[in-house]
Amino acid sequence: MNEVLSVGLILVAALVAGHAAQLVRVPEVTGYLIIGVVIGPATLDLVSHSNLETLGFLSEVALGLILFSIGMIFEAGHFRRVGREAIRITLWEALLAFAFVTLGVLAVGQPLPIALLLGVIAMETAPATTLMVLHEYDARGPLTDRLLALVALNNMIVLSAYGLLAAALTLGGGGSWLSAAHRGIHGLLWSTFGSVALGVLLGLVMDAWSGRVRESGESMTLVIGFILLTVGAARQLGLSPLFASLALGATMANASRRSDELLAAIGRADPPLYAAFFVLAGAELRPQSLAGVGLVGVAYVLLRSAGKLLGAWTALRQSPLDGVRRNMGLCLLSSSSLAVGLTLQVRHAFPELASAVTGVVLAAVIVFEVIGPWLTRQALLRSGEAQTQPRPLAD
Amino acid sequence: MTDLASTPPEDAPKLIAGRDTKLLLAGACLAVIGVGAWLAPRKAATHAPAPPPEAAAPLLQQEQERRVPAALFRNAYERGAGLSAHVFTIAASPRPRRGTVPDSGPEGDAWEPRGYAVAVDAEHVLTHREALEAVEVRLFAGDVPREGRVVAVDIADGVALVEVDGAGLVPAAAALEPAAAGSGAVAVGRERGGHWAAPVVVAGRSELRYTLAGFGPLGVPGLPVFDVDGRLLAIVTGRGGPHNAVAAEGALERLRRLRSRGGLPRTLGVTLQALEGKLQEQLGTGVLVADVHDEEQTQLRPGDVILKIGPRDVLKPDDVTAAMENSVPGEPLDVQIRRGRRTLAVKAAPRVALHAARPATRAVPAIRADAVFDAESLRAAGVPTDSRIVSIDGAPGTDIRSLRARLRPRRPRLVLFEDAATRFFAVIDPA
């Protein structure tokens, strides 16, 4: 199937899946992922491996857009209000998930490097899935405010932790000690500070240009153009496109008086991109892999869930906000794009560890992508922050 | 201080502001990228510089200066004749007033026009809430009035969407693009038996708002403004100066979105105040009730701190607004409050309010703030010195001596003030 046809099929399939998801009252994102599995190579093979490779750029653009939107949450005033609590929750939930998974995987007999890599990847909470569910239910309120800030912080911590771990594993990997240290430390600093610098720089240029933009169509072009520039330049320079897109959004939120207008402009452009992103993500999943993960996979799923839930509960145990305290943990279980992205990096940097790590993570992503969005939906409904409740089409 | 029905858009200063700061930051980023690339291990440094993608080709077109055609001024009235088919006079409630100048009501049933509305599709007209008095409205475009009801109001811009009974309105075409400053346009209104039209010039545009320059009664809320091609450009707000207008297309989009969430703004009949700074230190988190406009509607009282509405935690006035979007007007909500040291569950019934809640008429408290507190303490708390004291720590004050006696021992006091009929709390720490 040629690429144009496959994109058409993906979008129409997403539409059908979205409507079906509304009928059975699950988040649309779950429908997108499931239809992705159905039309992907694992099942009907209507969208083939070569299609997936060619269309990979769509996922990158969508992820850039998602991270840009999340970066916009880092507006100083907003962050001052929710930041301290979000930092505390993020540290607790991420560190407990890391500790539980690392110790659990060690306990079932896996070597330390694999346990550490799985521990770091377990810290991740999916930004795209979370944002999609929040958008779908038009959620607003204290839980939503903290969740958005938390997801952004969580992704920054995961990327930094992965950089740190990769540097440490590189140091221990033999060869010239000095050159290994140089590679490891430079990799960590470059992928964090370099990516932030790139995002801030392009954000300032975008801000300067945004003053001359007159129409909403131009605003959309400006935002998408700069997100493409950021993602592309980050890849070219060996930086993190995720960090750079986050920094681009954060810079616009803190420098531009037109940030709200620009965010509204991309709001009109992003639904098909997001739909394509999740269908493609689903198409890359292989449900068959669930059967082969064994005890490590089960331990990973259970211990990551326990770490996230217990971490959120511990961080919020004295919070006066009942709705936030009782529901935050449920919103943290989604796991998708960043986890998959990190497995690709593991495959590239540590090929000898890749098969064990990739198998477990990809199988766990299937589980968490089915239950994660549903749990987030339940949490939003329980806390009263879901503004709209999509009704079945038959009503 | 925030009234539920009139939350103003925030325009807080940005963290990265000023040209010098931005240039300095951009320079620092360039330095980080440069140094990082230079220090990169050889493998990473072999990347060739990326050619700019085609998507980043020039994003903006040179804007051509548009000049107001002189013909617009000569034949505005003729242009208005064709456009007036889309325009209605709007009267807010079936309250006949004899002797006033109506649009074209039946004999002896005269209506006072409050503004204009313009048809945007076969069933709906767009207007401004200043032109509305109640949810039920009456529209005139000829001898026979038409009934309608307000289905959505955008509090921030003041625009409103009205559904008209019986389809068949002649909708105005939407402008294809926003008008640039200097563009010509025509404002078209109706009057008894016909129409009027005034040529206007777009003096400025800021995001989705226009400032208009021209002659004629341009300050009428809901007055439609058409571009030189006869397409609907904006409607006049009648608020914030007579020549301000809101872009019709953006307004319509927001109204349709609002309609899907219930459409009409609701109020609990109270004035809310965010808890910040010393107020937060003294009262904790939540939202403070500063004033109650209708004591029968709600069990809330001034000084109560709202903690939850239904299952939703409340931290800022926007949370209350959002909680009410899902509510049914007239159906009481469970509200958890802190009153003094007690946490209570009370009921409060939201009701539809097209306009900001207005405090009941009442006597102005007699005692000025600076008669009891020193000016320095008042300034530190941001309280105008000529504000009136309503109560100190919940106890109403009637004479200066008893109020001063209440200040001993010296410690921070929670004081309810009134200034220009608006009540608000502040923590005063007497010197």
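First the proteins, then the strands, lettered A, B, ... as listed; each starts at 1.
Taking both residues in full, the closest heavy atoms of R312(B) and E385(A) are given as NH2-CA, 3.2 Å, listed atom of the first, atom of the second, then distance.
Per-residue counts of heavy-atom pairs under 4.5 Å with chain B were compared for A255(A), G323(A), G384(A); the largest is that of A255(A). Counting heavy-atom pairs closer than 4.5 Å to chain A, the top-ranked of the candidates G310(B), G250(B), G36(B) is G36(B). For chain B, the option among A76(A), S383(A), G194(A) with the highest count of heavy-atom pairs below 4.5 Å is S383(A). Comparing A322(B), A323(B), A31(B) by how many heavy-atom pairs each has under 4.5 Å with chain A, the most go to A322(B). The candidate with the highest count of non-hydrogen atom pairs below 4.5 Å against chain B, out of L198(A), V205(A), D145(A), L321(A), is L321(A). Between chain B and the residues T251(A), D207(A), L204(A), the most heavy-atom pairs under 4.5 angstrom are made by L204(A).
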For D313(B) and R146(A), run salt bridge (charged side-chain N to carboxylate O under 4.0 Å, His left out): C-alpha distance rounded to whole Å, both residues' side-chain angles, the deciding distance at 0.1 Å, then the answer. CA-CA 12 Å; D313(B) 294 312; R146(A) 280 157 184 73; over 6 Å; no
Just do the side chain to side chain contact (heavy atoms under 4.5 Å, CB included) check on I33(B) and F193(A) with the steps written out, would you? CA-CA 8 Å; I33(B) 294 170; F193(A) 293 106; over 6 Å; no
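For L201(A), the parts sitting under 4.5 Å from any heavy atom of chain B are the backbone and the side chain alike. If you measure heavy-atom distances from R382(A) to chain B, the contacts under 4.5 Å come from the backbone alone. No part of S219(A) comes within reach of chain B, as not one of its non-hydrogen atoms sits under 4.5 angstrom from that chain. Residue A208(A) does not touch chain B at all, counting heavy-atom pairs closer than 4.5 Å.
Residue D319(B) holds its CG atom at 9.5 Å from OG1 of T144(A), rounded to the nearest 0.5 Å.
Residue-environment remark: CD (E85(A)) exceeds the threshold of 12 foreign heavy atoms within 6.0 Å.
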